[in-house]
> 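Before we start, here is the structure in question, set down as structure tokens.
For the numbers below, each heavy atom of this structure counts, side chains included, while hydrogens, waters and symmetry mates do not.
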Amino acid sequence: MTRTLHSCLLILLISPTLLLISTTHADEAPKHDLVRRSCVHASYPEICLRTLSSYGGAASTPRDLAQAAVRVSLAHVRRAKEFLSQLKVGGRREQGALSDCVEQMGDSVEELSKTLAALEHLRRGGDFRWQMSNAETWVSAALTNEDTCLDGFKEIDGKVRSDVRRKITNVARVTSNALYLINLLDDQSRGKP
């Protein structure tokens, strides 16, 4: 009888903790599902999942997720710009390509910052279409800057070219995913599946 009483008391003591744990995981599951569902058709789904899973707790809507994707892209562009600014190159041609690339990354920072501001102040109504169009245009421009940066290194061989290519390709992939998630948000706002 005492053993049964102890077992019952133990269950009563543990039950609230188990309930709290299961509720916490249940609350996080839909947010993680949003990331998984949204990233599955992205241009780079693995990168999308990896970079946005940590935002799962903060992203509970497609708009939140699009903003998170732009923040990820912005952080990658800033790191790439810093990396490029610190590269040492020998020739004038390399220096010119590198200087152009740093400038283009600066332009991308501006465009992605404008995108983030537009998404943060997104309003339903007449301005919504205009704001979405601007956000899509600015992210597309950032992607173009990244491609243009890579084009500047086509005729340059060596380690600098491979370092720049690796860094900018990574930036372009997260930016492409951000554009996908913005387009997805736009489609959902129009009632498209």
> Check whether Arg63 reaches the backbone of Leu119 with its side chain - one donor and one acceptor, N or O, closer than 3.5 Å.
yes
> Between the side chain of Gln95 and the main-chain N/O of Gly90, is any donor-acceptor distance below 3.5 Å?
no
> To the nearest 0.5 Å, tell me how far Arg71 CZ sits from Thr115 OG1.
12.0 Å
> Give the minimum heavy-atom separation between Glu111 and Ala142, together with the two atoms involved.
OE1-N, 3.3 Å
> When Tyr180 is tested against each of Ile182, Leu184, Asn183 for side-chain contact (heavy atoms from CB on, under 4.5 Å), which residue passes?
Leu184
> If you round to the nearest 0.5 Å, how far is CD of Glu46 from OG1 of Thr51?
11.0 Å
> Any non-hydrogen side-chain atom of Leu112 less than 4.5 Å from a side-chain atom of Leu116?
no
> Give, for atom CG of Asp186 and atom CG of Leu181, the distance between the pair rounded to the nearest 0.5 Å.
12.5 Å
> Is the shortest side-chain heavy-atom distance between Leu98 and Phe153 below 4.5 Å?
yes
> Taking side chain as C-beta onward, heavy atoms only, is Val102 less than 4.5 Å from Lys81?
yes
> What is the minimum heavy-atom distance between Met105 and Cys149, and which atoms define it?
CE-CB, 4.2 Å
> Take Cys39 and Ile47, measure what side chain to side chain contact (heavy atoms under 4.5 Å, CB included) needs, and give me the verdict at the end.
CA-CA 9 Å; Cys39 287; Ile47 294 171; over 6 Å; no
> For Leu179 and Glu136, which heavy atoms make the closest approach, and how far apart are they?
CD1-O, 3.8 Å
> Work out which heavy atom in Ser73 is nearest to a heavy atom in Thr175; give both atom names and the distance.
OG-OG1, 2.6 Å
> Rounded at 0.5 Å granularity, tell me how far OG in Ser108 sits from CH2 in Trp138.
14.0 Å
> Verify, without hydrogens or angle tests, whether Ser38 (side chain) and Leu34 (backbone) share a donor-acceptor contact under 3.5 angstrom.
yes
> Using the salt bridge (Lys or Arg N to Asp or Glu O under 4.0 Å) rule, collect all pairs that involve residues 92-103, keeping only residues at least two apart or in two chains.
none
> To the closest 0.5 Å, what do you measure between CG (Leu185) and CG (Leu65)?
9.5 Å
> What distance separates Leu52 CG from Arg36 CZ, expressed to the nearest 0.5 Å?
13.5 Å
> Can you name the closest pair of heavy atoms from Ser176 and Ser43 and give their distance?
OG-OG, 3.1 Å
> Could you list all the salt bridge (Lys or Arg N to Asp or Glu O under 4.0 Å) pairs where at least one residue sits in residues 144-164, not counting sequence neighbours?
Asp151-Lys154, Asp157-Arg161, Lys159-Asp163, Asp163-Arg166
> Is there a donor-acceptor pair under 3.5 Å between the side chain of Asn177 and the backbone N or O of Tyr44?
yes
> What heavy-atom pair brings Val109 and Leu74 nearest, and what distance separates the two atoms?
O-CD1, 3.6 Å
> May I ask you to decide if Pro62's main-chain N or O and Gln188's side chain share a donor-acceptor pair within less than 3.5 Å?
no
